[in-house]
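Index from 1, following the sequence. Every value quoted in this text rests on a predicted model; they were computed, and no experiment measured them.
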Amino acid sequence: MLIGDGYILIIRIAEPQSDLTDYKLMCFNGKVECSFTCTNRNTEAGLHVTFYDRDWQKMPFARHYPAEQAAMPKPRNYEKMVQLAEKLAAPLKFARVDFYEINGRIYFGEITFFPGNGTEEFSPEKWDYRLGEWIELKTILIAK
(Lines give C-alpha, C1' and ligand atoms only; values in the text may rest on other atoms or scores of the structure.)
Protein backbone atom coordinates (compact mmCIF):
# COMPACT_ATOMS: atom_id res chain seq x y z
CA MET A 1 0.00 0.00 0.00
CA LEU A 2 1.28 3.42 -0.92
CA ILE A 3 -0.03 6.56 0.72
CA GLY A 4 0.89 10.00 -0.52
CA ASP A 5 -0.39 13.26 -1.98
CA GLY A 6 -3.99 12.38 -1.15
CA TYR A 7 -3.99 9.09 -3.08
CA ILE A 8 -4.05 5.50 -1.91
CA LEU A 9 -2.87 2.70 -4.17
CA ILE A 10 -3.86 -0.72 -2.93
CA ILE A 11 -2.22 -3.81 -4.37
CA ARG A 12 -3.51 -7.15 -3.18
CA ILE A 13 -1.09 -10.01 -3.66
CA ALA A 14 -2.22 -12.45 -1.01
CA GLU A 15 -1.72 -16.14 -1.53
CA PRO A 16 -4.77 -18.29 -0.71
CA GLN A 17 -4.76 -19.25 2.95
CA SER A 18 -7.00 -21.75 4.70
CA ASP A 19 -7.79 -19.49 7.64
CA LEU A 20 -6.35 -15.99 7.67
CA THR A 21 -6.38 -13.98 10.86
CA ASP A 22 -7.96 -10.56 10.41
CA TYR A 23 -6.32 -7.80 12.45
CA LYS A 24 -8.88 -5.03 12.95
CA LEU A 25 -7.60 -1.80 14.49
CA MET A 26 -10.18 0.50 16.03
CA CYS A 27 -9.22 4.16 15.68
CA PHE A 28 -10.89 6.76 17.85
CA ASN A 29 -10.11 10.39 16.97
CA GLY A 30 -7.34 9.17 14.66
CA LYS A 31 -5.58 6.99 17.26
CA VAL A 32 -5.62 3.21 17.68
CA GLU A 33 -7.13 2.51 21.09
CA CYS A 34 -7.77 -1.22 20.70
CA SER A 35 -7.69 -3.99 18.14
CA PHE A 36 -9.40 -7.28 17.61
CA THR A 37 -8.72 -10.46 15.75
CA CYS A 38 -11.12 -12.60 13.78
CA THR A 39 -10.04 -16.22 13.84
CA ASN A 40 -11.45 -19.66 13.01
CA ARG A 41 -13.72 -18.16 10.38
CA ASN A 42 -13.64 -21.29 8.20
CA THR A 43 -13.58 -23.95 10.90
CA GLU A 44 -16.12 -26.05 12.76
CA ALA A 45 -15.42 -23.98 15.90
CA GLY A 46 -16.74 -20.94 14.05
CA LEU A 47 -15.71 -17.31 14.13
CA HIS A 48 -13.99 -16.00 17.26
CA VAL A 49 -13.53 -12.27 17.89
CA THR A 50 -10.92 -11.36 20.50
CA PHE A 51 -10.18 -7.79 21.62
CA TYR A 52 -6.78 -6.44 22.69
CA ASP A 53 -5.79 -3.10 24.15
CA ARG A 54 -3.09 -0.91 22.58
CA ASP A 55 -0.40 -2.92 24.40
CA TRP A 56 -1.83 -6.20 23.03
CA GLN A 57 -3.29 -7.31 26.36
CA LYS A 58 -6.50 -9.31 25.99
CA MET A 59 -9.53 -7.25 26.97
CA PRO A 60 -12.28 -8.68 29.25
CA PHE A 61 -15.27 -8.67 26.90
CA ALA A 62 -16.73 -10.25 23.79
CA ARG A 63 -18.76 -8.80 20.93
CA HIS A 64 -21.41 -11.05 19.40
CA TYR A 65 -18.98 -13.94 18.82
CA PRO A 66 -16.97 -15.81 21.45
CA ALA A 67 -13.41 -14.72 22.19
CA GLU A 68 -10.48 -17.10 21.97
CA GLN A 69 -9.65 -18.61 25.36
CA ALA A 70 -5.92 -17.93 25.00
CA ALA A 71 -4.46 -14.64 23.80
CA MET A 72 -2.88 -14.71 20.37
CA PRO A 73 0.69 -13.58 19.90
CA LYS A 74 1.02 -9.98 18.79
CA PRO A 75 1.61 -9.83 15.04
CA ARG A 76 5.22 -9.16 14.08
CA ASN A 77 4.23 -6.01 12.16
CA TYR A 78 1.67 -4.70 14.65
CA GLU A 79 3.39 -1.34 15.24
CA LYS A 80 3.55 -0.74 11.47
CA MET A 81 -0.16 -1.62 11.22
CA VAL A 82 -0.84 0.95 13.95
CA GLN A 83 1.14 3.61 12.05
CA LEU A 84 -0.75 2.89 8.81
CA ALA A 85 -4.15 2.78 10.53
CA GLU A 86 -3.52 6.10 12.29
CA LYS A 87 -2.42 7.71 9.04
CA LEU A 88 -5.58 6.54 7.27
CA ALA A 89 -7.88 7.44 10.19
CA ALA A 90 -6.21 10.75 11.12
CA PRO A 91 -9.11 13.02 10.06
CA LEU A 92 -11.85 10.68 11.32
CA LYS A 93 -13.73 10.46 14.62
CA PHE A 94 -13.97 6.68 14.29
CA ALA A 95 -12.81 4.08 11.80
CA ARG A 96 -11.85 0.45 11.90
CA VAL A 97 -8.87 -0.31 9.69
CA ASP A 98 -8.25 -3.96 8.78
CA PHE A 99 -5.06 -5.74 7.84
CA TYR A 100 -3.70 -9.22 7.26
CA GLU A 101 -0.16 -10.37 7.95
CA ILE A 102 1.01 -13.03 5.51
CA ASN A 103 4.56 -14.33 5.44
CA GLY A 104 5.77 -11.26 7.34
CA ARG A 105 4.06 -8.78 5.00
CA ILE A 106 1.13 -6.47 5.73
CA TYR A 107 -1.92 -6.49 3.46
CA PHE A 108 -4.70 -3.92 3.64
CA GLY A 109 -8.23 -5.29 4.10
CA GLU A 110 -10.74 -2.45 4.39
CA ILE A 111 -11.85 0.61 6.32
CA THR A 112 -15.27 0.65 7.89
CA PHE A 113 -17.16 3.20 9.94
CA PHE A 114 -19.84 0.83 11.31
CA PRO A 115 -18.29 -2.47 12.49
CA GLY A 116 -20.87 -5.23 12.70
CA ASN A 117 -23.32 -2.73 11.18
CA GLY A 118 -23.36 -1.14 14.64
CA THR A 119 -25.70 -3.86 15.89
CA GLU A 120 -23.43 -6.52 17.42
CA GLU A 121 -23.87 -6.70 21.19
CA PHE A 122 -21.06 -6.47 23.74
CA SER A 123 -20.83 -8.78 26.73
CA PRO A 124 -20.71 -7.38 29.32
CA GLU A 125 -22.75 -4.50 27.90
CA LYS A 126 -20.79 -1.82 29.79
CA TRP A 127 -17.98 -2.20 27.20
CA ASP A 128 -20.29 -0.94 24.45
CA TYR A 129 -20.61 2.31 26.40
CA ARG A 130 -16.94 2.40 27.40
CA LEU A 131 -15.76 2.19 23.78
CA GLY A 132 -18.39 4.75 22.78
CA GLU A 133 -16.96 7.17 25.34
CA TRP A 134 -13.64 7.10 23.48
CA ILE A 135 -15.15 9.03 20.56
CA GLU A 136 -14.64 12.77 21.03
CA LEU A 137 -17.78 14.37 19.60
CA LYS A 138 -17.69 17.89 20.96
CA THR A 139 -15.42 19.12 18.14
CA ILE A 140 -17.77 18.10 15.33
CA LEU A 141 -19.01 21.11 13.38
CA ILE A 142 -22.51 20.99 12.00
CA ALA A 143 -22.94 22.74 8.65
CA LYS A 144 -25.93 25.05 8.37
Side-chain angles (χ1 to χ4, degrees), residues 1-140:
M1 175 178 8
L2 303 172
I3 304 174
D5 296 325
Y7 297 95
I8 300 174
L9 171 64
I10 300 168
I11 303 172
R12 188 165 182 120
I13 313 173
E15 297 175 19
Q17 301 284 319
S18 60
D19 190 39
L20 288 174
T21 298
D22 292 271
Y23 297 100
K24 300 176 177 285
L25 287 70
M26 298 181 74
C27 301
F28 297 83
N29 313 302
K31 298 292 180 195
V32 173
E33 296 291 341
C34 66
S35 304
F36 64 93
T37 58
C38 290
T39 54
N40 296 317
R41 191 183 300 274
N42 300 309
T43 68
E44 282 188 33
L47 179 62
H48 284 67
V49 173
T50 310
F51 281 80
Y52 299 89
D53 66 16
R54 181 59 185 79
D55 296 319
W56 203 259
Q57 299 300 307
K58 191 174 170 190
M59 297 179 80
F61 64 90
R63 192 189 76 201
H64 192 70
Y65 300 96
E68 293 285 353
Q69 290 299 312
M72 292 188 62
K74 183 164 115 176
R76 181 169 45 176
N77 291 304
Y78 182 69
E79 294 306 322
K80 184 66 173 176
M81 290 179 195
V82 168
Q83 289 174 0
L84 292 168
E86 289 182 347
K87 189 165 194 166
L88 291 167
L92 305 171
K93 294 296 177 186
F94 175 82
R96 191 195 74 208
V97 185
D98 301 357
F99 298 101
Y100 301 96
E101 185 177 68
I102 304 168
N103 299 325
R105 295 187 66 187
I106 298 172
Y107 293 88
F108 175 79
E110 68 174 331
I111 298 176
T112 186
F113 308 107
F114 303 99
N117 199 31
T119 63
E120 293 180 348
E121 71 284 355
F122 285 74
S123 178
E125 186 177 354
K126 70 179 181 181
W127 283 95
D128 194 1
Y129 296 98
R130 190 164 295 169
L131 269 64
E133 289 170 353
W134 294 347
I135 302 173
E136 179 62 57
L137 295 177
K138 62 183 165 186
T139 58
I140 291 179

### Query
When rounded to the nearest 0.5 angstrom, what distance separates CD in E68 from SG in C38?
10.5 Å

### Message
Just verifying a value: how many Å separate D22 CG and K24 NZ, rounded to the nearest 0.5 Å?
### Response
4.5 Å

### Message
Measuring from atom NE2 of H48 to atom OH of Y65, what distance do you get when rounded to the nearest 0.5 angstrom?
### Response
12.0 Å

### Query
How far does CG of N29 sit from CD of E86, to the nearest 0.5 angstrom?
11.0 Å

### Query
Which heavy atom in L47 sits nearest to a heavy atom in P66, and how many Å separate them?
O-CD, 3.7 Å

### Task
From the options W56, W134, W127, select the one residue that forms a side chain to side chain contact (heavy atoms under 4.5 Å, CB included) with C34.
W134

### Message
For a 4.5 angstrom cut-off between non-hydrogen side-chain atoms, does L88 reach F108?
### Response
yes

### Message
Does K74 have more than 12 heavy atoms from other residues, nucleotides or ligands lying within 6.0 Å of its NZ?
### Response
yes

### Message
Contact between F94 and P115 at the side-chain level, heavy atoms closer than 4.5 Å - yes or no?
### Response
yes

### Query
With a 4.5 Å heavy-atom cut-off, do C27 and L92 have their side chains touching?
no

### Query
Is it true that E33 and R96 have a side-chain N and a carboxylate O under 4.0 angstrom from each other?
no

### Task
Begin from the C-alpha positions of L20 and Y107 and carry the test side-chain contact (heavy atoms from CB on, under 4.5 Å) through to its verdict.
CA-CA 11 Å; L20 288 174; Y107 293 88; over 6 Å; no

### Query
Is a side-chain donor-acceptor pair under 3.5 Å present for E101 with N77?
yes

## Note on the structure
Taken to the nearest 0.5 Å, the spacing of F122 CZ from R130 CZ works out to 12.0 Å

#### Entry: Main-chain N/O of D55 paired with D53 side-chain donor or acceptor, under 3.5 Å
yes

### Query
Would you find more than 12 non-hydrogen atoms of other residues, nucleotides or ligands less than 6.0 Å from E125 atom CD?
no

## Note on the structure
Taken to the nearest 0.5 Å, the spacing of L131 CG from M59 CE works out to 6.0 Å

### Message
Quick check on R76: does its CZ atom have over 12 non-hydrogen neighbours (other residues, nucleotides or ligands) under 6.0 Å away?
### Response
no

### Query
Does CD in E121 sit with more than 12 non-hydrogen atoms of other residues, nucleotides or ligands closer than 6.0 Å?
yes

### Note, V32 side chain near M26 side chain (heavy atom, < 4.5 Å)
no

### Task
Answer whether the closest heavy-atom distance between the side chains of F99 and P75 falls below 4.5 Å.
no

### Query
Given side chains that start at C-beta, do those of V49 and H64 come closer than 4.5 Å, heavy atoms only?
no

### Task
Would you check if the side chain of Y52 reaches a backbone N or O of M72 as a donor-acceptor pair within less than 3.5 Å?
yes

### Task
Assess the side chains of Y23 and D98: does a donor N or O sit below 3.5 Å from an acceptor N or O?
no

